[in-house]
Amino acid sequence: MRQSVSTFRVLSIAVLALGTVVATTGCFKKGARGDYALAPDVRPLEVPPDLTAPAGAGKASTTGETGSVLASQASRPAPAAAAPGQAPAAPANNPSGFNVTAGKDQAFTDVGTALEAIDGLTIATRAQLLGSYDVAFEGSNFLVRVVAVNGGSYVSAVDPRGLPATADAPVKLIAALKAKLAP
C-alpha cells in the first residue's frame, strides 16, 4: 500500500505541473491577441507601398511631391570593361578630376609637390600604395586620389562617402592642380 500512495503522489504532482504549464503558456487560448487581432488596415508597422516599388520607379504623387532616390538606387551606366591586364578608362568631363599623362607613381609625386605649394592646404596623411592624400582645404576634409588609367593617371577628389567631391573647396583644389599638372 505504501508504494501505491507514493505512485499516486508522483502522478498527481506530474498532472498538476502539466496543467500549470498548459494554463500559463497561452498556447491553448482561443483567438489572436495583441496587434494581430486588429484588422489588417489598422495594424502597426506595415511596409508602405512606395518602399516595395522597384528602385527608380518613384513618380510624382497627386500632391506634386516626388520620391527621394538614394545614390545607390540611381541607375548608372555600366562601366566600360577594360581588357585583362589594362587599367580602366578615366571618367570624362568631371569637375572633381582630370587626366595626366604620367604614370601613377610619377603623378603621385607630382601631385604631392603641387599640393605642398598650395597655401591654406594641409596634408594629413599620404598613402602612395593607395595613391591618396588626405587633405584639409578651406574647411573641407577629403581625399585627393591618383589612379592608373589607360594612357596615364587620373587625379580626383573624393569625399568621405567615397563619391566624387563636388563641394566648392575640392573643385577649386582640383582646378588648381589641373592648371599645374595637366598638359
Distance from [X] atom [atom1] to [Y] atom [atom2], nearest 0.5 Å?
{"X": "I123", "Y": "D134", "atom1": "CD1", "atom2": "CG", "result": "10.0 Å"}
{"X": "L181", "Y": "T101", "atom1": "CG", "atom2": "OG1", "result": "10.0 Å"}
{"X": "L11", "Y": "L16", "atom1": "CG", "atom2": "CG", "result": "12.5 Å"}

>> Once side chain to side chain contact (heavy atoms under 4.5 Å, CB included) is applied, do any residues pair with A175, and if so which ones, sequence neighbours excluded?
In response: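 A175 satisfies side chain to side chain contact (heavy atoms under 4.5 Å, CB included) with no other residue.
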> Pairs in or reaching into residues 153-162: which pass salt bridge (Lys or Arg N to Asp or Glu O under 4.0 Å), with residues at least two apart or in two chains?
Replying inline: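 Qualifying pairs: D159-R161.
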> Restricting to pairs with a member in residues 98-109, which pass salt bridge (Lys or Arg N to Asp or Glu O under 4.0 Å), not counting sequence neighbours?
Replying inline: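 Passing the test, one end in residues 98-109: no pairs.
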Over all atoms of both residues, closest heavy-atom pair of [X] and [Y]:
{"X": "A102", "Y": "A107", "value": "CB-N, 4.1 Å"}
{"X": "K180", "Y": "A114", "value": "NZ-O, 3.7 Å"}
{"X": "V146", "Y": "S153", "value": "CG1-CB, 4.0 Å"}
{"X": "N141", "Y": "A136", "value": "OD1-CB, 3.1 Å"}
{"X": "V111", "Y": "V144", "value": "CG1-CG1, 4.0 Å"}

> Between V155 and V171, is there a shared hydrophobic cluster once you connect ILVMFWY residues whose side-chain heavy atoms come closer than 4.5 Å?
Replying inline: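 Not linked; separate clusters.
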> Taking it one step at a time, do V15 and I13 satisfy side-chain contact (heavy atoms from CB on, under 4.5 Å)?
Replying inline: CA-CA 6 Å; V15 169; I13 290 174; over 6 Å; no
> Members other than L143 in its cluster, when Ile, Leu, Val, Met, Phe, Trp, Tyr link by side-chain heavy atoms under 4.5 Å?
Replying inline: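 For the cluster that includes L143, the remaining residues are V158.
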>> One pair to check against side-chain contact (heavy atoms from CB on, under 4.5 Å): L177 and F98. What are the steps and the verdict?
In response: CA-CA 9 Å; L177 287 174; F98 62 94; 3.9 Å; yes
> L173 and L115: side-chain contact (heavy atoms from CB on, under 4.5 Å), yes or no, with the steps?
Replying inline: CA-CA 9 Å; L173 178 64; L115 288 172; 4.0 Å; yes
>> Taking side-chain hydrogen bond (donor to acceptor under 3.5 Å, both in side chains) as the definition, give me every residue that meets it alongside E138, ordered by chain and number, with sequence neighbours left out.
In response: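 With neighbours one apart ignored, the set is K172.
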>> Per the ring pair (Phe, Tyr, Trp, His ring centres under 6.0 Å) rule, what does the pair list look like for residues 105-150, sequence neighbours excluded?
In response: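 The answer is F108-Y133.
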>> Under the side chain to side chain donor-acceptor pair (under 3.5 Å) definition, can you give me all pairs with a residue in residues 110-128, not counting sequence neighbours?
In response: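 Output for this query lists Q106-D110, E116-R126.
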